[in-house]
Amino acid sequence: MPTSPLVLVTSRSFSSGDLDLAAELEAVGARMVTGPSTHDLDALRPLLADATAWIAGTGPVTAAHLDAAPGLQIVARYGVGYEAVDLGAAAARGVLVTNTPGANTGAVADHAVALLLAGLRDVPQGDRGVRAGRWAVQRTRELGTLTVGIVGLGRIGRAVAARLSGFGPRLLGFDPWVPPAELDRLGIEGVDLDTLAAGSDVISLHAPGEEVVVDARFLGLVRPALVLVNTARATLVDEPALAQALRDGRLRCYASDVLGSEAGDHANPLLADDLLDRTVLTPHSAAQTVQAVDGMGRGAVDAVLAHLRGDQPPNLVPLPGGPR
Ligand SMILES: NC(=O)C1=CN([C@@H]2O[C@H](COP(=O)(O)OP(=O)(O)OC[C@H]3O[C@@H](n4cnc5c(N)ncnc54)[C@H](O)[C@@H]3O)[C@@H](O)[C@H]2O)C=CC1
Ligand SMILES: O=C(O)C(=O)COP(=O)(O)O
């Protein structure tokens, strides 16, 4: 192990759970520094210059970040999604990448159901109305009578399906990498994306944010009463097209934990005042439970400690051109 390796931490909630992870790093002689979770390159440059390991938040990890970190050996994503990490650039520089699969599955699945029900049953509108002295109600629909489409049937998508099965809706699913027989076993009808778009009253997104799924074409297929739930990534959605579709009444509600402009940028089209009653938004908080924060921290620190010991870290993300 190099003398006193520097571990850069840029996740919002590292060590805010019950574990003292900073102490675990210090116990092996590592020094820990923290940087902004936005991964602002200018702010990170002086910290990256000396870093051996980077416990990274959801911000971008680009070739420029890696070039600013000549001694960096491992990027341990604190969390699951790694679409913002330039894997090709990491591979080219011999930098390992890990993530923490499963650490926040329950937290995010719970949150998806919370957003789904809030959007379906007008919970935020009701709250605002009561506070303003308005007790007017709109009829809403019961989840058990509806069809829910789940895009992405990995850990979180399946956990959402399991939670929803208690409510009794029909479940449709789209995931090109899960065989139809496997979906059958989970009580989910496997369909193509267009069938899911046209046939669902609620759609919940659980695919990685590597490509746009909800684009203008998709929005042209959906039902006017649709509640669209996104606890995955903003990059799955064409946000300007979605804002326009909500405005035109082509779907009922967007309930989302993720926005293209996070951390206080009010320029996002979905934050327009006239869409207040058609959106339910949370601040990327789906994974922020005590259990998930500990799980993500545990996973990231275990990866860094294994690497510093000279062992293969758990949960290596396959890199382009690599063996896995
Ligand atoms: N809001 C938050 O705080 C959190 C968000 N996430 C996001 O949720 C995503 C899913 O997480 P997990 O279920 O743990 O990952 P996972 O890797 O277990 O599942 C992802 C599934 O999506 C499928 N998939 C890939 N491309 C697809 C496509 N184009 N259409 C449909 N399915 C596709 C894969 O085959 C896989 O089954 C993560 O990639 C991450 O971006 C994850 C945790 C916390
Ligand atoms: O696991 C993921 O991919 C997440 O999005 C978690 O994000 P967070 O650690 O809550 O900023």
Side-chain angles (χ1 to χ4, degrees), residues 9-17 36-39 55-61 75-85 97-115 149-163 172-180 182-183 186 188 190-197 203-215 218 229-237 255-260 262-263 281-300 315 317-318:
V9 177
T10 58
S11 71
R12 290 175 296 165
S13 56
F14 183 79
S15 248
S16 66
S37 60
T38 52
H39 293 185
I55 295 180
T58 45
V61 178
V75 173
R77 261 289 291 128
Y78 174 96
V80 176
Y82 50 79
E83 77 298 329
V85 180
V97 179
T98 63
N99 70 341
T100 64
N104 52 28
T105 299
V108 180
D110 286 357
H111 199 81
V113 176
L115 285 175
I150 301 178
V151 178
L153 273 306
R155 293 176 184 83
I156 298 171
R158 289 172 196 222
V160 168
R163 281 157 175 70
L172 304 181
F174 171 71
D175 187 322
W177 289 275
V178 179
E182 176 75 3
L183 294 180
L186 298 164
I188 300 166
V191 292
D192 61 39
L193 191 59
D194 286 4
T195 305
L196 184 143
I203 295 175
S204 195
L205 303 176
H206 302 288
E210 283 155 8
E211 57 188 287
V212 181
V213 171
V214 179
D215 55 11
F218 184 100
V229 179
N230 188 358
T231 54
R233 286 290 185 266
T235 45
L236 289 168
V237 171
S256 179
D257 187 47
V258 283
L259 280 185
E262 294 195 359
L281 302 172
T282 53
H284 204 144
S285 54
Q288 295 296 314
T289 63
V290 174
Q291 293 79 8
V293 161
D294 276 348
M296 294 186 287
R298 173 82 280 138
N315 300 312
V317 171

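Every number for a ligand or one of its atoms is a count from 1 in the order of the listing. When reading the values below, keep in mind they use all heavy atoms of this one structure, side chains included, and skip hydrogens, waters and symmetry mates.
Smallest separation of non-hydrogen atoms from G260 and A234: N-CB, 3.2 Å.
At under 3.5 Å, not a single nitrogen or oxygen of S13, backbone or side chain, sits near a nitrogen or oxygen of ligand 2. At under 3.5 Å, a nitrogen or oxygen of D257, whether backbone or side chain, sits near a nitrogen or oxygen of ligand 1. Here's the thing with A287: none of its N/O atoms is less than 3.5 angstrom from an N/O atom of ligand 2.
The structure places OG1 of T231 at 4.5 Å from NE2 of H206, a figure rounded to the nearest 0.5 Å.
Residue-level proximity to ligand 2 for N104 is carried by the side chain, the only part with a heavy atom below 4.0 angstrom. Of all the heavy atoms of R233, the ones lying under 4.0 Å from any atom of ligand 2 belong exclusively to the side chain.
Against a heavy-atom cut-off of under 4.0 Å, V151 is close to the following atoms of ligand 1: 31 (C). Residue H284 has at least one heavy-atom neighbour below 4.0 Å for each of these atoms of ligand 1: 1 (N), 2 (C), 3 (O). Near N104, the atoms of ligand 1 lying under 4.0 angstrom from a non-hydrogen atom of the residue are 43 (C), 44 (C). Of all atoms in ligand 1, numbered sequentially from 1 with element shown, those under 4.0 Å from a heavy atom of F174 are 30 (N), 31 (C), 32 (N). Those atoms of ligand 2 with a heavy atom of Y78 less than 4.0 angstrom away are 9 (O). With ligand atoms numbered from 1 in the order given, ligand 2 contributes 8 (P), 10 (O), 11 (O) to contacts under 4.0 Å with heavy atoms of R12. Of all the atoms in ligand 1, the ones that sit under 4.0 Å from a non-hydrogen atom of P176 are 30 (N), 31 (C), 32 (N). The distance from ligand 1 to the heavy atoms of T231 drops below 4.0 Å at these ligand atoms: 1 (N), 2 (C), 4 (C), 5 (C), 6 (N). Residue T58 has at least one heavy-atom neighbour below 4.0 Å for each of these atoms of ligand 2: 4 (C), 5 (O), 7 (O). Annotation for ligand 1: atoms under 4.0 Å from non-hydrogen atoms of E211 are 29 (N). For ligand 2, the atoms closer than 4.0 angstrom to any heavy atom of M296 are 9 (O).
The nearest protein atom to atom 32 (N) of ligand 1, hydrogens excluded, is given as G152 CA, 3.4 Å; this is a heavy-atom distance. Shortest contact from atom 26 (N) of ligand 1 to any protein heavy atom: W177 CZ3, 3.4 Å. Annotation: atom 17 (O) of ligand 1 to nearest protein heavy atom, R155 NH1, 4.1 Å. Nearest protein heavy-atom contact of atom 36 (C) of ligand 1 is D175 OD2, 3.4 Å. Remark: minimum distance from atom 20 (C) of ligand 1 to any protein heavy atom is reached at H206 O, 3.8 Å. Among all non-hydrogen protein atoms, the one lying nearest atom 15 (O) of ligand 1 is V80 CG1, 4.0 Å. Regarding atom 39 (O) of ligand 1, its nearest protein heavy-atom neighbour is P208 CA, 3.4 Å. The closest protein non-hydrogen atom to atom 42 (C) of ligand 1 is I156 CD1, 3.6 Å.
When atom types are taken as modelled, the side chain of T235 and the backbone of G209 share a donor-acceptor pair closer than 3.5 angstrom. In this structure, R77 contributes its side chain and I55 its backbone to no donor-acceptor pair below 3.5 Å. Judged purely by atom type and a 3.5 angstrom limit, T105 has no side-chain atom pairing as donor or acceptor with the backbone of I156.
For A107, the closest heavy-atom approach to ligand 1 does not fall below 4.0 Å. Residue contact check for ligand 1: L153 places a non-hydrogen atom closer than 4.0 Å to it.
Residue R158 is tested with V178, I188, I150 for a side chain to side chain contact (heavy atoms under 4.5 Å, CB included); the sole match is V178.
Side-chain contact annotation: T282 with H111, donor-acceptor N/O pair under 3.5 Å present. With hydrogens and angles left out, the side-chain atoms of Q288 and S13 include a donor and acceptor closer than 3.5 Å.
Taking each of A292, A207, G81 in turn, the one with a heavy atom nearest to atom 9 (C) of ligand 1 proves to be A207.
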